[in-house]
Amino acid sequence: MPRRKRIRVRGIVQGVGFRPYIYRLAHSLRLNGFVRNTTNGVEIEVEGEEKNINQFTKEIRIQRPPAARIDEISIDSLKTKGYEEFSIRKSRASKGFTQISPDIATCPDCLKEMNDPNDRRHEFPFINCTNCGPRYSIITETPYDRVKTSMQEFKMCRDCAKEFDEIADRRFHAHPDCCADCGPEYELYSIAGKKIDTDDPISRTAELLKKGNIVAIKGIGGFHVACDALNCNTTKKLRRLKHRPTKPFALMTRARNLNKITHINIHEKRMIDSAAAPIMLLRKKGELICEEVAPNNPYLGVMLPYTPVHHLLLNEIPYLIMTSANIQDEPIAKDEKDITGKLGSLVSFYLGHNRRIENRCDDSIGYHLQNRGFSIIRRSRGYAPVPIELPVTVKPTLAVGPYLKNTFTLADKKEAYVSPHVGDLDNLETLHFFEEMVDKYKRWFRIEPQLIVHDLHPDYLSTKIARKMSGERIGVQHHIAHFVSCLGENHVRENTIGIIFDGTGYGLDGRIWGGEFFIGDMVHQERVAHLEYLPLPGGESSIRRPYRIAIAYVHKLLHKNLKLASASEAKIIKRMIDEERNTVYTSSMGRLFDCVSAMLGVTTEITYEAEAAINLEYIAAQGVKGHYPYSISESGTMTVEIGTILDAIMGDMKRRVSNRIISAKFHNTIVAFSLDLANVLRDRYRLNRVCFSGGVFQNRYLLNMMIERFEADGFRVHTHRLLPNNDGCISYGQVIAGNNKES
Ligand code: ZN
Ligand code: ZN
Ligand code: FE
């Protein structure tokens with residue numbers, strides 16, 4: 001008895017070889033019918049034996065093409081129609097759009113061809129297929145089609161066109177398909193713009209790298225600045241030229257080398273080798289990689305090669321530093337002229353190619369969190385622009401995000417298009433990039449925002465941009481956005497405790513918040529506790545000089561001296577505090593970390609964001625049990641008092657307790673008072689869930705311990721997974737909070 005079913009699949013199912021896969025699957029199960037792309041995904045009709053149809057729907061879920069992402073499958077039974085074959089039908093014309101696939105790392109089939117001397121794409125650096133290659137980074141318009149990408153300038157040769165049209169071919173409808181006869185080409189230039197005469201620019205680049213040169217290399221979403229990671233002198237030189245004394249560089253190497261340089265576990269192996277191919281933070285091992293790559297850091301940021309040119313380079317040089325080509329805080333360079341202009345003093349050569357990068361996309365960064373799985377720190381290449389589901393239905397909304405680590409989110413109904421990492425919105429280049437991407441997102445996803453959501457900080461560039469936009473505008477407090485983002489991502493509707501440990505955010509009382517306890521849900525939130533307000537001398541400028549924060553806090557709370565600055569500087573700081581001149585007050589957890597790090601002399605001045613806190617985390621000893629005494633004042637909003645903590649730390653310093661122990665005890669103290677407070681709130685408000693968000697939770701030592709201790713105490717703990725703990729999660733939270741606030 002034949003049956004007929006209609007199956008609708010939503011998700012990333014176009015541009016990833018889904019229809020040919022369905023075609024082959026239907027054939028193998030002797031089913032007739034058709035498959036076609038629609039506005040919202042793919043529509044399939046199958047007719048045949050019931051058990052084959054069941055097998056078919058089961059297979060779709062488990063055996064889908066590697067780059068496909070299925071969000072939803074719906075199945076309807078229909079009256080049989082008597083189809084005589086299975087066919088791929090023309091896309092149904094529509095005004096809508098379909099999801100854009102992210103860029104996908106080169107697949108094993110393509111690698112095999114690229115390494116085969118008899119293959120027509122032997123060593124071809126733009127090899128790709130329906131399962132891999134550029135997508136997001138080359139698109140100009142939707143729906144995704146070759147003429148709407150930067151591949152449109154390259155007319156397919158007859159051989160490629162044949163593959164493109166042949167259903168059985170693994171390049172059927174692979175829009176970026178090309179070969180050495182018809183595709184783009186790499187060329188090597190000196191930084192002065194002189195083309196280097198060579199038949200093999202990639203091998204020549206590898207040679208230059210081996211000799212200690214720093215070379216810019218054009219990849220998928222931008223240029224990298226590359227050098228030999230085993231050459232310490234070059235690495236040092238790169239640090240000097242990039243004005244980046246200590247911030248770690250990312251490494252690229254082959255999978256077989258991972259065990260030589262890191263302690264990688266099976267979960268981490270799976271993530272680093274995924275189609276998204278992110279940079280993974282892995283525990284460092286041995287001394288093969290020079291210390292200069294990630295000084296004083298127990299982790300190495302490592303990625304595997306993800307475009308053909310990376311594979312070809314790594315054939316000749318095993319370990320490369322691959323750092324984004326940009327001037328500090330500016331967007332990653334994507335055009336040759338960015339390299340010869342701004343980065344001219346940094347690199348001596350550049351390996352470019354003649355396919356335009358339409359959309360910049362930095363490498364994504366993630367790590368494996370114990371018992372939870374992959375967690376992201378920077379969500380860009382390989383993930384954007386895949387939408388993240390919203391827990392509520394929203395009106396067309398643009399949330400412009402925060403100031404640091406900006407992302408924006410364009411949302412409609414239940415879909416949130418979180419932009420890739422934009423950067424720190426404090427310079428003109430980043431602002432231009434931001435505006436360009438907002439325009440593109442509106443076009444691609446057909447969303448004209450009616451509601452604009454922004455931060456409350458009046459001076460943020462993002463707030464100013466929002467003010468200029470037409471439509472209804474709503475401001476959302478920074479840490480409420482953190483909280484709601486975590487609730488939203490986890491689809492938590494119940495009343496929950498939100499613990500937000502962060503660097504900076506403009507508070508509802510005009511002070512700088514960052515160590516906050518909320519209770520609430522996605523609609524209403526109440527701030528119920530926070531860290532004691534303490535003075536930042538010279539305002540936020542002291543963030544770059546943690547020793548000033550330490551002097552200020554210790555003076556304010558304990559009236560004691562710290563010998564961290566000249567007598568005259570210390571005097572100025574203390575006077576500022578005493579006279580409350582040129583100071584702002586903050587409850588920031590990030591600043592408390594800065595203070596302790598500087599007190600111990602671990603890091604007194606920083607060269608990148610959160611450096612002092614990161615170094616304090618890295619020195620913390622494992623297995624230390626004790627914590628420092630703290631007190632919680634109960635008048636009105638509860639306040640965690642810091643004085644007793646700092647006093648006890650000073651005591652340990654005097655007794656010459658090691659910094660490693662002090663750091664561990666300080667971390668334990670945070671866990672202890674957080675748990676205490678959460679227990680009070682649990683009893684008072686009868687709730688049992690807790691959310692963690694904020695940049696401080698990038699501290700894995702703290703986050704792991706918080707999760708462990710809270711779960712041991714019976715709390716249901718929610719953390720970010722799809723979005724980062726840092727300000728990369730803000731715009732998503734703004735969308736939800738902004739829509740809820742209004743109703
Ligand atoms: Zn492939
Ligand atoms: Zn060709
Ligand atoms: Fe934040």
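Note that ligands are numbered from 1 as they come in the structure, with each ligand's atoms numbered from 1 the same way. Computation of the quantities below employed the complete heavy-atom set of this structure, encompassing side-chain atoms and omitting hydrogens, waters and symmetry-equivalent molecules.
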Around the Zn ion (ligand 2), list the protein N/O/S atoms within a radius below 2.8 Å, excluding water molecules.
C157 SG, C160 SG, C179 SG, C182 SG
Could you tell me whether the side chain of E532 reaches within less than 4.5 Å of the side chain of Y553, counting heavy atoms only?
no
Is the shortest distance from a Lys or Arg side-chain nitrogen in [X] or [Y] to a carboxylate oxygen in the other one below 4.0 Å?
X    : Y    : value
R24  : E59  : no
E611 : R544 : no
D177 : R171 : yes

With a 3.5 Å cut-off and no angle check, do the side chains of [X] and [Y] form a donor-acceptor pair?
X    : Y    : answer
H454 : R473 : no
D509 : Y533 : yes
S419 : T407 : no

What is the name of the N/O/S atom of [X] that is nearest to the Fe ion (ligand 3)?
X    : answer
H478 : NE2
D727 : OD1
D502 : OD2

Suppose we screen for side-chain contact (heavy atoms from CB on, under 4.5 Å). Which residues come up paired with E153, at least two apart in sequence or across chains?
R356
Angle at the Zn ion (ligand 1), SG of C110 to SG of C107, rounded to 10 degrees, please.
110°
